[in-house]
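Some notes on the structure that comes next.
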Amino acid sequence: MKQELSYKALDKFRSQLSHNGLKATAQRIAVHEAMVNLGHASADMVSEWLAENSATKVTVASVYNILSQLALLGIYGNRLSANNKMYFDVNTKKHIHMYDCENHVFKDVADDKLYEDLMERIGTRRFRGYTIESVDIQFVVRPTRRRL
């Protein structure tokens, strides 16, 4: 089901682009609309979504370039899957990911308390010669099989 970008969300995205010296081109807007609908997606997934849901034409290479650029600017997050595909994430807030290693799907774990508890525990750890710059928590999961 296609989710339309709200005026407020589009305005925020345009502001982020402008702040980074980029224009809000039709291609960037279309890619962002796809990402809002998909949440976590590879360039191929975004291209497929655009082909089915958007009048704006964007090549796969352009989609990848736009996604990579937005990730470098911190507008999107990115994650490398076990099948060596780069997935992009519209949620840039600190959160936990669950990665389905069979289907290569990322999902957000919406549990702020769990994240806070983990950060509290990890935050007290010291590693000689290193300073923790950031923490990226990902649970690798496999779908459960129901027995008949």
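Classified by interplanar angle (parallel below 30°, tilted 30° to 60°, perpendicular above 60°), the ring pair Phe13/His32 is parallel.
Looking at Gln69 and Leu22, their side chains come closer than 4.5 Å, going by heavy atoms from C-beta outward. Looking only at side-chain heavy atoms (C-beta outward), Ser62 and Gln27 stay at 4.5 Å or farther from each other. Using a 4.5 Å heavy-atom threshold, the side chains of Leu70 and Leu17 count as touching.
Clustering ILVMFWY residues whenever any of their side-chain heavy atoms sit less than 4.5 angstrom apart, transitively, puts Ile137 in a cluster other than the one holding Val105. Connection of Val141 to Tyr115 is established within a shared hydrophobic cluster, with ILVMFWY side chains joined at heavy-atom distances below 4.5 Å, either directly or through further cluster members. Leu80 and Met98 fall into different hydrophobic clusters, where Ile, Leu, Val, Met, Phe, Trp and Tyr side chains are chained together by heavy-atom contacts under 4.5 Å.
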task = Apply the test side-chain hydrogen bond (donor to acceptor under 3.5 Å, both in side chains) to residues Asp89 and His97: give CA-CA distance (whole Å), side-chain angles for both, the deciding distance (0.1 Å), then the verdict.
result = CA-CA 10 Å; Asp89 186 0; His97 281 102; 2.8 Å; yes

message = Show, in sequence, the C-alpha distance, side-chain angles and deciding distance for Phe88 and Tyr76, and conclude whether the ring-ring contact (aromatic ring centres under 6.0 Å, His included) test is met.
response = CA-CA 6 Å; Phe88 297 87; Tyr76 293 162; 7.3 Å; no

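In the displayed structure, Glu120 atom CD is contacted under 6.0 Å by at most 12 heavy atoms of other residues, nucleotides or ligands. Within a 6.0 Å radius of CZ in Phe127, more than 12 heavy atoms belonging to other residues, nucleotides or ligands are found.
Paired with Tyr99 under the rule side-chain hydrogen bond (donor to acceptor under 3.5 Å, both in side chains), one option of His104, His40, Gln138, Arg79 passes, and it is His104. Exactly one residue among Leu50, Asp44, Val46, Asn65 makes a side chain to side chain contact (heavy atoms under 4.5 Å, CB included) with Val60. That residue is Asp44.
No side-chain N or O of Ser15 forms a donor-acceptor pair with one of Ser18 less than 3.5 Å apart.
Note: Lys85 NZ to Ser42 OG = 4.0 Å, rounded to the nearest 0.5 Å. With rounding to the nearest 0.5 Å, the separation of SG in Cys101 from CZ in Phe139 is 14.5 Å.
Closest non-hydrogen pair, Ile122 versus Ile132, comes out as O-CD1, 4.1 Å.
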